[in-house]
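Values below: every heavy atom of this structure, side chains too, minus hydrogens, waters and symmetry copies. Heads up: numbering here begins at 1 and tracks the sequence.
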Amino acid sequence: MTILLENPWPAILAGIVVEAILGVILVRTGRGAVLGAMGAVLVVVLALVGLEWLVVTERERVELAIEAGRAALEANDPDAVLACLGPQANSTEDLLRRVLRHVEFTSVRITRLEVGPINELTNPPSVRVQLSVRVEFNDRRGMISYRHYATDLELMLRQYGDRWLVTDHRWEDERYGHP
């Protein structure tokens, strides 16, 4: 059921298949009752797509939190970036403060986003997110010779009230003192 609430394409594709089958039946039999069935299938598909649009799942809330952080980085808004962090995100906060002091982002794009299963057994609930990011930036100190950077990272998020906040990160890049 969750798949229908997170992605409209299964409902749309199933509707297309059923409509095609009903279309063949209509052409072969010529019965007007098939048109009624086709209309009913269309209404059901539209209702499922509308339901998917209306219902925001926890996975979608996590994706929205990641998008908010991406937009805050791209806007070079330190307060908005730090607002995406949970209370115990000390190492992540230190890294972001250092980066935001030294670079001005011109573009931040997420090229891959994989939200893991939400762990309801932790208190508060948690989730791991794998993502690939490509950033373009200007170095305020003029010490970095390149203007873009792509990397894979893992973010750990926890749910605080109705918000998902980053609590930790893993990033394999020795230039910045990470494992």
Side-chain angles (χ1 to χ4, degrees), residues 1-18 44-103 105 107-135 137 149-179:
M1 180 63 178
T2 304
I3 189 77
L4 292 176
L5 296 177
E6 292 182 348
N7 186 352
W9 286 107
I12 292 169
L13 293 176
I16 290 171
V17 169
V18 172
V44 168
V45 168
L46 291 175
L48 288 172
V49 170
L51 182 65
E52 187 278 333
W53 182 74
L54 286 173
V55 175
V56 179
T57 65
E58 286 307 315
R59 179 180 298 273
E60 290 170 329
R61 288 183 201 278
V62 170
E63 291 172 355
L64 290 170
I66 298 295
E67 173 55 24
R70 185 214 60 80
L73 273 176
E74 189 171 80
N76 294 289
D77 184 347
D79 293 333
V81 171
L82 297 177
C84 296
L85 301 180
Q88 70 271 28
N90 298 330
S91 66
T92 304
E93 181 177 345
D94 292 343
L95 172 67
L96 285 171
R97 285 185 187 277
R98 202 168 53 235
V99 167
L100 289 168
R101 255 192 325 268
H102 299 298
V103 301
F105 291 101
S107 172
V108 179
R109 289 183 308 182
I110 297 173
T111 57
R112 178 183 61 90
L113 176 65
E114 296 175 16
V115 178
I118 294 174
N119 185 350
E120 298 286 344
L121 300 176
T122 60
N123 188 16
S126 61
V127 66
R128 291 183 184 275
V129 176
Q130 304 283 332
L131 60 153
S132 298
V133 180
R134 179 175 171 83
V135 297
F137 59 91
Y149 183 73
T151 189
D152 294 328
L153 62 134
E154 178 181 72
L155 299 176
M156 283 63 74
L157 290 87
R158 288 192 178 267
Q159 186 178 29
Y160 294 92
D162 63 345
R163 294 187 65 208
W164 284 92
L165 301 175
V166 175
T167 57
D168 201 3
H169 72 282
R170 288 204 179 94
W171 174 28
E172 306 279 333
D173 194 329
E174 291 154 17
R175 290 176 293 182
Y176 297 99
H178 295 279

**Study point:** Euclidean distance, Leu100 CG relative to Leu73 CG, rounded to 0.5 Å
**Key:** 6.0 Å

**Study point:** Polar side-chain atom of Arg134 near backbone of Thr111 as donor-acceptor pair, under 3.5 Å
**Key:** no

Point to revise | Pairs satisfying side-chain hydrogen bond (donor to acceptor under 3.5 Å, both in side chains), at least one member in residues 72-84, at least two apart | key: Arg70-Glu74

Practice item. Kindly compute the distance separating CD (Gln159) from OG1 (Thr167), expressed to the nearest 0.5 Å. Key: 12.5 Å

Study note, to complete from the structure: Here the pair of heavy atoms bringing Asn90 nearest to Pro87 is OD1-O, 4.0 Å

Exercise for review: Apply the test side chain to side chain contact (heavy atoms under 4.5 Å, CB included) to residues Val115 and Trp164: give CA-CA distance (whole Å), side-chain angles for both, the deciding distance (0.1 Å), then the verdict.
Suggested key: CA-CA 12 Å; Val115 178; Trp164 284 92; over 6 Å; no

Practice item. Please report the shortest heavy-atom distance between Ala80 and Ala72, naming the atom on each side. Key: CB-CB, 3.6 Å

Study note, to complete from the structure: In terms of heavy-atom contacts, Leu121 and Asn119 come closest through N-OD1, 2.9 Å

Point to revise | Residues in salt bridge (charged side-chain N to carboxylate O under 4.0 Å, His left out) contact with Arg170, at least two apart in sequence or another chain | key: Glu154

Revision key, fill the gap. Interatomic distance, OG1@Thr92 vs CE@Met156, rounded to 0.5 Å, equals 7.0 Å

Point to revise | Tyr160 to Pro124 - nearest heavy-atom pair and separation | key: CE2-CG, 4.1 Å

Exercise for review: Identify the two heavy atoms, one from Val127 and one from Gly116, that lie closest to each other, and give their separation to 0.1 Å.
Suggested key: CG2-O, 3.3 Å

Check your understanding: Could you go step by step and tell me if Val166 and Leu157 meet the side chain to side chain contact (heavy atoms under 4.5 Å, CB included) rule?
Key -> CA-CA 4 Å; Val166 175; Leu157 290 87; 4.1 Å; yes

Revision key, fill the gap. Quick note, salt bridge (charged side-chain N to carboxylate O under 4.0 Å, His left out) partners involving residues 110-125, not counting sequence neighbours, are Arg112-Glu114, Arg112-Asp152

Check your understanding: About how many Å separate CG of Leu131 and OG1 of Thr151, when rounded to the nearest 0.5 Å?
Key -> 9.0 Å

Check your understanding: Salt bridge between Glu93 and Arg97, side-chain N to carboxylate O under 4.0 Å?
Key -> yes

Review point. Could you go step by step and tell me if Phe137 and Val99 meet the side chain to side chain contact (heavy atoms under 4.5 Å, CB included) rule?
Key: CA-CA 11 Å; Phe137 59 91; Val99 167; over 6 Å; no

Check your understanding: Roughly how far apart are Leu96 CG and Ser91 OG, rounded to 0.5 Å?
Key -> 9.5 Å

Practice item. Looking only at non-hydrogen atoms, find the nearest pair between Pro8 and Val49 and report the distance. Key: CB-CG2, 4.2 Å

**Study point:** Nearest-0.5 Å distance, CD of residue Glu67 to CG of residue Leu113
**Key:** 9.5 Å

